[in-house]
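For reference, the structure is listed below as structure tokens.
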Protein chains: 2
Amino acid sequence: MKKKTVYVLEDEKNIQQLIKFNLENNGYDVFCFSTGKEFFLGLSRIIPSIILLDIMLPDTDGYVILSRLKSDPHYHGIPVIMITAKKEEFDKVLGLEMGSDDYITKPFSVKELLARVKVVLRRTENISIYPTGKIEYKDLVMDIDKHEFYRNNQLIKLSMKEFSLLEIFLRNPGKVYTRNQLLEQIWGFDYFGESRTVDVHIRYLRMHIGDENGRYIETIRGMGYKLAE
Amino acid sequence: MKKKTVYVLEDEKNIQQLIKFNLENNGYDVFCFSTGKEFFLGLSRIIPSIILLDIMLPDTDGYVILSRLKSDPHYHGIPVIMITAKKEEFDKVLGLEMGSDDYITKPFSVKELLARVKVVLRRTENISIYPTGKIEYKDLVMDIDKHEFYRNNQLIKLSMKEFSLLEIFLRNPGKVYTRNQLLEQIWGFDYFGESRTVDVHIRYLRMHIGDENGRYIETIRGMGYKLAE
DNA sequence: AGTTATTTTCAAGAAAGTTTGAAGAAGGTG
DNA sequence: CACCTTCTTCAAACTTTCTTGAAAATAACT
């Protein structure tokens, strides 16, 4: 399973250490930031799976960070756990209803921290952004719930990557996707690999769905691929 | 769509009112109870779609109620959201790992309450909440009332986890469930363990129902498991 | 037709995901 | 308490999928 990335925005170094050490021991990739500036810089490079956000910060207020995160379409889907020191602060979190997914009050136990992170990740992971059900196009049918694909009512087995690729195409027939767009959507923002990889998977996909000379998946030279209309 | 029924076990009248008013405004049927006794009386008449359960109760402890619910085959399928007032209570919820589906802390916002109820219901809606009767699929028969499972009219003994797993699969033949979804539904949101555990139970299940090379329970690599069609 | 840029194909090693075996923990029961 | 069942964890074996580099093929351009 791919490692989950955790961003920690917390100015107290010893708490940073504590969080980093324990989360890393439990299989997470952890990046700590002390200021909002650094934090947003990091965010523009790698999108984390979850953010732990302290309210008290030297340069910015934690609430400001949170509202900025939640109002930005790129980031508003990332679950956030607020770390608060005082009970009053905690009340404010609730009062503001700013969309944090959970909160922890200092002092917290390591077990509590791990539990919350895990729970929030599991909860948000199970909420699919995309609608489920069936997608149909010509003689191609994709059943998302059952993770099955049919051509001419015939079940065809596809690997994960092939399935994801085809799903993207089927959701937008005719729309051209560049290799980088596909990489970003399927492999994730933080994937460091060749864009040639996409080609190979396109080939497997074509092979499996019996796509003689790009009748379904069309190559747009210099651009990328699309579902032929 | 038929209205969903919500049971609320909460002794503070004003919170009862708040919950009732808001849920009813959003199309739910709501019944409030102040004591465990009343609650179980109601339960014996109508099985709700979801239960909101406060920890602090006058006559019984919320944990007792929960464990009683989860150990009763008639009720263990009903999703439960715990309502906790204090941080310590929440820790206890986590510590006990009793299999509740979500939690919410007082004071909570109405928005949050509605969101949680909706999410939990959506997650469990494919699973019939009326835990009675028989489910049949091919030569597999599951008698929920008696908690028995038959293959080819032959009684097969299954453990609790195996039974629950199979029940989920049988209620939605062909639908793929990720390990996390299974964990959430069977083990509860508060479960703090490896998702590998699911694999092992799948293995036992396969073993017991005599499932040679995944003829019944199919592995969808990179996704999870499903009942083969 | 020749040149260049881009895509496809191939094959093999790497990586990821799943199954299996086995042992220990937890829980229930007589 | 000893016994039995069920549950959880771990690591090794295994299987399938993914990635990558290089060569071959194709298309575009002069």
Side-chain angles (χ1 to χ4, degrees), chain A residues 1-4 25-27 29 114 118 147 149 156-166 176-180 182-183 185-188 190-209 211-226 228, chain B residues 67 70-71 73 76 95-99 147 149 156-166 176-180 182-183 186-188 190-208 211-226 228:
Chain A
M1 195 79 74
K2 206 170 123 191
K3 271 192 182 179
K4 299 284 170 68
N25 265 352
N26 280 269
D29 270 338
L114 290 170
K118 198 163 187 172
H147 208 258
F149 169 71
I156 293 174
K157 208 184 141 197
L158 297 177
S159 82
M160 201 58 190
K161 294 281 194 294
E162 288 155 38
F163 197 91
S164 304
L165 275 172
L166 189 53
V176 183
Y177 290 89
T178 67
R179 276 162 252 267
N180 279 333
L182 294 170
L183 274 180
Q185 285 206 38
I186 297 176
W187 278 260
D190 51 349
Y191 181 74
F192 295 108
E194 301 294 316
S195 72
R196 292 288 120 219
T197 301
V198 176
D199 301 24
V200 178
H201 287 282
I202 290 283
R203 175 163 81 105
Y204 290 145
L205 179 56
R206 281 174 167 159
M207 229 168 63
H208 284 133
I209 67 178
D211 189 17
E212 56 281 340
N213 43 48
R215 202 164 72 76
Y216 289 105
I217 312 293
E218 204 175 320
T219 305
I220 308 299
R221 183 167 253 261
M223 277 297 287
Y225 301 95
K226 71 169 190 176
Chain B
S67 76
K70 288 299 167 185
S71 61
H76 89 271
L96 292 176
E97 288 184 8
M98 302 216 295
H147 208 256
F149 168 71
I156 294 175
K157 209 186 142 197
L158 296 177
S159 80
M160 199 61 187
K161 293 281 191 287
E162 288 156 37
F163 196 89
S164 302
L165 275 172
L166 189 52
V176 182
Y177 290 88
T178 66
R179 276 163 248 269
N180 277 339
L182 295 169
L183 275 180
I186 298 177
W187 279 261
D190 51 2
Y191 179 70
F192 188 62
E194 300 294 316
S195 72
R196 292 283 125 229
T197 301
V198 175
D199 301 24
V200 179
H201 286 282
I202 290 283
R203 171 155 70 114
Y204 292 145
L205 179 57
R206 280 174 168 158
M207 230 167 61
H208 285 133
D211 189 17
E212 57 281 342
N213 40 49
R215 203 163 70 78
Y216 289 105
I217 311 295
E218 203 176 322
T219 305
I220 309 298
R221 182 172 249 259
M223 281 296 285
Y225 299 96
K226 71 174 189 173

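A, B, ... follow the sequence lines: proteins, then strands. Residue 1 opens every chain.
A:Thr197 comes within contact range of at least one nucleobase, with a heavy-atom separation under 4.0 Å. In this structure, B:Phe163 reaches neither bases nor backbone, as no heavy-atom distance under 4.0 Å exists between it and the strands shown. Heavy atoms of B:Ile220 sit under 4.0 angstrom from primed sugar atoms or phosphate atoms, though from no base atom.
Residue A:Arg206 contributes atom CZ, which lies 14 Å from atom P of C:dC10 at whole-angstrom precision. Summarising the geometry, the separation between CD1 on A:Ile202 and C1' on C:dT8 is reported as 12 Å, rounded to the nearest angstrom. Atom CG in A:Asp199 sits roughly 14 Å away from atom C1' in C:dA5 (whole-Å rounding). Rounded to an integer number of Å, the gap from CZ of A:Phe192 to P of C:dA15 is 16 Å.
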Could you list all N or O pairs between the protein and nucleotides 10-12 of chain D that sit under 3.5 Å apart?
none

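A sub-4.0 Å separation between OP1 or OP2 of C:dT19 and a side-chain N or O of B:Tyr225 is present. Contact check, A:Tyr204 against C:dT9: no side-chain N or O comes under 4.0 Å of OP1 or OP2. Phosphate contact (OP1/OP2 of D:dT6, side-chain N/O of B:Lys157, threshold under 4.0 Å): present. Using a 4.0 Å cut-off, no side-chain N or O of B:Trp187 falls inside it from OP1 or OP2 of D:dC7. The phosphate of D:dT5 has neither OP1 nor OP2 within less than 4.0 Å of any side-chain N or O from B:Ser159.
Screening B:His201, B:His208, B:Arg206 for a side-chain hydrogen bond (donor to acceptor under 3.5 Å, both in side chains) involving B:Glu162 leaves a single residue, B:His208.
Of the candidates C:dT7, C:dG21, D:dT8, the closest approach to any side-chain atom of B:Lys161 belongs to D:dT8.
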